[in-house]
Amino acid sequence: MRFPLMSRCGRIDKILGAVQGPHEGTFLTTLEDFPGGSDIFLVTVKFCYGIRIEYTPRNIVMIYCAADYLEMTEDYGEDNLLFKADAYFHKNILKNWKDCILALQSCDSVIPRADKLEIISKCSHALSVMVCTDPSLFGWPMLLYGCLQSPGGSILWNGINTGARIQTIESDWWFEDISYLSVPLFQRLIRTMEVRGIRHENLAGAMMYYCRKYLPGLGRWQSGQIGKTRTVASFSMTPAAVNQKVLLESVAKQLPELKGKSFCRFLLGLLRVALILGVQHTCLDSLERRIGMQLDLASLDGLLIPSYSDSDTLYNTDCVERMIHHFISSESGITAIPNPSSFEIGTSPSSRPLRRVAKLVDSYIAEVASDVNLKPEKVRSLAEALPESSRSLHDGLYRALDIYFKAHPWLSAKEKEQLCNILDCQKLSIDACAHASQNDRLPLRVVLQVLFFGQLQLRTAVAGRFQVLDTESGPAAPVTGPSDMAGQIVQRDGWVTVVRENQGLKVDLERMKSRVGELEEEFSKIKQEMRKVTKSHSYLSSPRFLARKFGCKLLNRSSDTQPDVVESTGPTPRASVEQPRSSRHRKSSSLIS
């Protein structure tokens, strides 16, 4: 065995040549880090002894690397193994999608030597070219259907046109095939495709597909988005052994800057998994920044991220607050306060994302408000993270505060007052004002403000209604230009809106009138009862009532200086006794005078 190996393998020839000498005996050596192990070494030995070997897409990379490791070059024989493996690789592997995928997957255990031989770069480049090319040119649809195809695109059976059309292969046909690669090889392939010029949407779709396959927790928040498996090359492959933490950190770095509802939902799912796995803070910051830049496309269930740390709260509100700040930083141009003189609320395209985020944040606060461990300071910081101009109506914010007060009945009056400071009563709708005016959970000052501004809105609406009637009953306006006509149309639409609101205000006013009438009736009844009680009390305490009670009668005197004399109305002994005393009293009075 020594001589054939020495004649074909430069490395073994050098090792054995260095130990040849006068001493004969057994010599042992170790070929460390041999590519492919003992199975591939046996293949190389068979080649050295002239035994025919079989090249396949699964073993060609190992044979190629083993031939390079053993230095089986042309210097040690014509048509040596390195030349044979290189020829088979370029002629058969790089021209077929299926074989190229299998060969690239087998590079996982020999990445350094495969990089030296440029196997990974050549496979990645070949796959990138095939992805950019129409797959029907490579004959893959025939692999799908196992039959021939006519020039018109119909399926042939024994040369007969069946009339059935081959289905068009969509742009994501290659997602499933490349998902069997390991994380390093997948990264290399995506980077090569990006340089090749493949659309970022397709690259992001491939990475999303890869993450959903190897991050099981991600599928819980991506319901119905994985879809059916699409593949062109019908062959079986073994899924790669993936480190989830390494995968998530690498994908977070490589994901392109895209915006979209599905992409934002995918980023929120990645953030959840990242919090569970405990990835680096740089990875978390990157995901939060990406989500914050498109927070207007997020959904409420996506923002309800549980708190996986030792926090007392149920949801990770700090993370959501940071994403809000990222959104404000990225959309700094839309935070300007709209012109207060305009009747309609600002609905410019630049302000729509801010309006959507404000509505989303209000819904988020209302959802997490039932958490008993949520602090009032956190509720206020979440609400104040957005500028005042972001909310055209404060109904959502009022609803969130009402839910919070209901779940936290132990809050002090001062804490409620501080939370209600973020509420603008002038921006409450009619229904919200009606509810707030009867809400005993709100501080009294807030209820009074709601009633005051409700009356103010009612007066404004009624005045607007009168102005509409005056405008309709007035003389016909002269013919105006297009700009004036546009202004009249806008004004008319505004008055129509006021009239509609006025109808609702009238209903509310009738309710308030009836309630005030009931209160006035109750008050009048109470006053009458109080008068009766006061009158009866004064009568019972008068001397005349006491005299009658004891059977006495008051006599009127001729002079004001003389006191009243009580005359007996019946023959009683006490009256006879009192009479001489009275006479003596008169005598003494006369003496004094």
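By convention here, the first residue in the shown sequence is residue 1.
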A.B. asks: Which atom pair, heavy atoms only, marks the closest approach of Ile324 to Ala385?
C.D. replies: CG2-CB, 3.7 Å
A.B. asks: In the structure I gave you, are the side-chain heavy atoms of His326 and Leu295 within less than 4.5 Å of one another anywhere?
C.D. replies: no
A.B. asks: I want to check something: taking the side chain as every heavy atom from C-beta on, are Leu401 and Lys416 in contact at a cut-off of under 4.5 Å?
C.D. replies: no
A.B. asks: Is the closest side-chain heavy-atom distance between Asp362 and Arg391 below 4.5 Å?
C.D. replies: yes
A.B. asks: Rounded to the nearest 0.5 Å, what separation is found between the CG atom of Leu247 and the NZ atom of Lys245?
C.D. replies: 13.0 Å
A.B. asks: Taking C-beta and beyond as the side chain, do Asp172 and Tyr209 meet within less than 4.5 Å on heavy atoms?
C.D. replies: no
A.B. asks: Quick one: are Leu314 and Asn373 in side-chain contact, heavy atoms under 4.5 Å?
C.D. replies: no
A.B. asks: Between Ser429 and Asp431, does the side chain to side chain donor-acceptor pair (under 3.5 Å) criterion hold? Intermediate values first, please.
C.D. replies: CA-CA 6 Å; Ser429 65; Asp431 296 336; 5.3 Å; no
A.B. asks: Taking C-beta and beyond as the side chain, do Glu321 and Thr317 meet within less than 4.5 Å on heavy atoms?
C.D. replies: no
A.B. asks: Is the cationic atom of Lys261 (NZ for Lys, CZ for Arg) positioned less than 6.0 Å from the six-membered ring centroid of Phe266 and within 45 degrees of its normal?
C.D. replies: no
A.B. asks: Quick one: NZ on Lys359 to OG on Ser363, what's the gap to the nearest 0.5 Å?
C.D. replies: 7.0 Å
A.B. asks: What is the distance from atom CD of Glu367 to atom CD1 of Ile403, rounded to the nearest 0.5 Å?
C.D. replies: 8.0 Å
A.B. asks: Would you check if the side chain of Ser286 reaches a backbone N or O of Thr282 as a donor-acceptor pair within less than 3.5 Å?
C.D. replies: no
A.B. asks: Determine, step by step, whether Leu203 and His200 satisfy the side-chain contact (heavy atoms from CB on, under 4.5 Å) criterion, reporting the C-alpha distance in whole Å, the side-chain angles of both residues, the deciding distance to 0.1 Å, and the verdict.
C.D. replies: CA-CA 5 Å; Leu203 296 179; His200 286 175; 4.3 Å; yes
A.B. asks: Closest heavy-atom contact between Tyr404 and Val379?
C.D. replies: CE1-CG2, 3.7 Å
A.B. asks: Side chain of Glu415, backbone of Ser412: donor and acceptor closer than 3.5 Å?
C.D. replies: yes
A.B. asks: Within the structure provided, determine whether Val447 and Asn439 are in side-chain contact (heavy-atom separation under 4.5 Å).
C.D. replies: no
A.B. asks: To the nearest 0.5 angstrom, please state how far the CZ atom of Phe327 sits from the CZ atom of Arg356.
C.D. replies: 8.0 Å
A.B. asks: One pair to check against salt bridge (Lys or Arg N to Asp or Glu O under 4.0 Å): Arg355 and Asp296. What are the steps and the verdict?
C.D. replies: CA-CA 8 Å; Arg355 306 282 187 194; Asp296 56 310; over 6 Å; no
A.B. asks: Pair Arg199, Glu201 - check salt bridge (Lys or Arg N to Asp or Glu O under 4.0 Å), show working.
C.D. replies: CA-CA 5 Å; Arg199 296 177 57 189; Glu201 291 80 2; 3.5 Å; yes
A.B. asks: Ignoring hydrogens and angles, tell me if any N or O in the side chain of His394 forms a donor-acceptor pair with the backbone of Leu428 under 3.5 Å.
C.D. replies: no
A.B. asks: Please find the pair of heavy atoms, one from Ala206 and one from Phe186, that lie closest to each other, and give the distance.
C.D. replies: O-CZ, 3.9 Å
A.B. asks: Keeping the roles fixed (side chain from Ser124, backbone from Ile120), state whether a donor-acceptor pair exists under 3.5 Å.
C.D. replies: yes
A.B. asks: When you measure from the side chain of Arg289 to the backbone N and O of Leu284, does any donor-acceptor pair fall under 3.5 Å?
C.D. replies: no
A.B. asks: So does Leu181 get a backbone contact from the side chain of Tyr210, meaning a donor-acceptor N/O pair under 3.5 Å?
C.D. replies: yes
A.B. asks: Working note: Glu522 + Lys527, criterion salt bridge (Lys or Arg N to Asp or Glu O under 4.0 Å); need CA distance, chi angles, decisive distance, verdict.
C.D. replies: CA-CA 9 Å; Glu522 293 179 1; Lys527 286 180 66 176; over 6 Å; no
A.B. asks: Measure across Leu287 and Ala252 and return the closest heavy-atom pair with its distance rounded to 0.1 Å.
C.D. replies: CD2-CB, 4.2 Å
A.B. asks: Starting at CD of Glu194, measure out to CG of Asn202 and round the result to the nearest 0.5 Å.
C.D. replies: 12.5 Å
A.B. asks: So, Lys213 versus Ser179: side-chain donor-acceptor pair below 3.5 Å or not?
C.D. replies: yes
A.B. asks: Would you mind reporting whether Arg196 and Cys132 have side-chain heavy atoms less than 4.5 Å apart?
C.D. replies: yes
A.B. asks: Enter the distance from Leu277:CG to Arg272:CZ here, rounded to the nearest 0.5 Å.
C.D. replies: 14.0 Å
A.B. asks: Identify the two heavy atoms, one from Met207 and one from Pro256, that lie closest to each other, and give their separation to 0.1 Å.
C.D. replies: CE-CD, 3.4 Å
A.B. asks: Determine whether Thr192 and Leu127 satisfy the following criterion, side-chain contact (heavy atoms from CB on, under 4.5 Å), listing intermediate values before the conclusion.
C.D. replies: CA-CA 9 Å; Thr192 304; Leu127 293 174; over 6 Å; no
A.B. asks: Gln449 vs Leu442, test: side-chain contact (heavy atoms from CB on, under 4.5 Å). Steps then yes/no.
C.D. replies: CA-CA 11 Å; Gln449 285 183 357; Leu442 293 179; over 6 Å; no
A.B. asks: Could you give me the CA-CA distance, side-chain angles and deciding distance for Ile305 and Leu275, then say whether side-chain contact (heavy atoms from CB on, under 4.5 Å) is met?
C.D. replies: CA-CA 9 Å; Ile305 304 174; Leu275 292 171; 3.6 Å; yes
A.B. asks: Could you check whether any side-chain N or O of Tyr308 sits under 3.5 Å from a backbone N or O of Val273, counting only pairs where one atom can act as donor and the other as acceptor?
C.D. replies: no
A.B. asks: For Glu288 and Cys319, indicate whether the former's side chain and the latter's backbone hold a donor-acceptor pair under 3.5 Å.
C.D. replies: no
A.B. asks: Is the shortest distance from a Lys or Arg side-chain nitrogen in Asp285 or Arg290 to a carboxylate oxygen in the other one below 4.0 Å?
C.D. replies: no
A.B. asks: Closest approach of Ala204 and Phe263, non-hydrogen atoms and distance?
C.D. replies: CB-CE1, 4.2 Å
A.B. asks: Is the CZ atom of Arg399 crowded by more than 12 outside heavy atoms at less than 6.0 Å?
C.D. replies: no
A.B. asks: Going by distance alone, is a donor N or O of one side chain under 3.5 Å from an acceptor N or O of the other, for Ser182 and Asp108?
C.D. replies: yes
A.B. asks: Given 3.5 Å as the limit, does a donor-acceptor pair link the side chain of Gln294 with the main chain of Gly260, or not?
C.D. replies: yes
A.B. asks: Students often mix this up, so state it plainly: with edges at 30° and 60°, are the rings of His435 and Tyr398 parallel, tilted or perpendicular?
C.D. replies: perpendicular
A.B. asks: State which residue, out of Thr313, Asp318, Asp371, fulfils the side chain to side chain donor-acceptor pair (under 3.5 Å) condition with Lys378.
C.D. replies: Asp318
A.B. asks: Can any side-chain N or O of Gln254 pair as donor or acceptor with the backbone N or O of Gln187 at less than 3.5 Å?
C.D. replies: yes
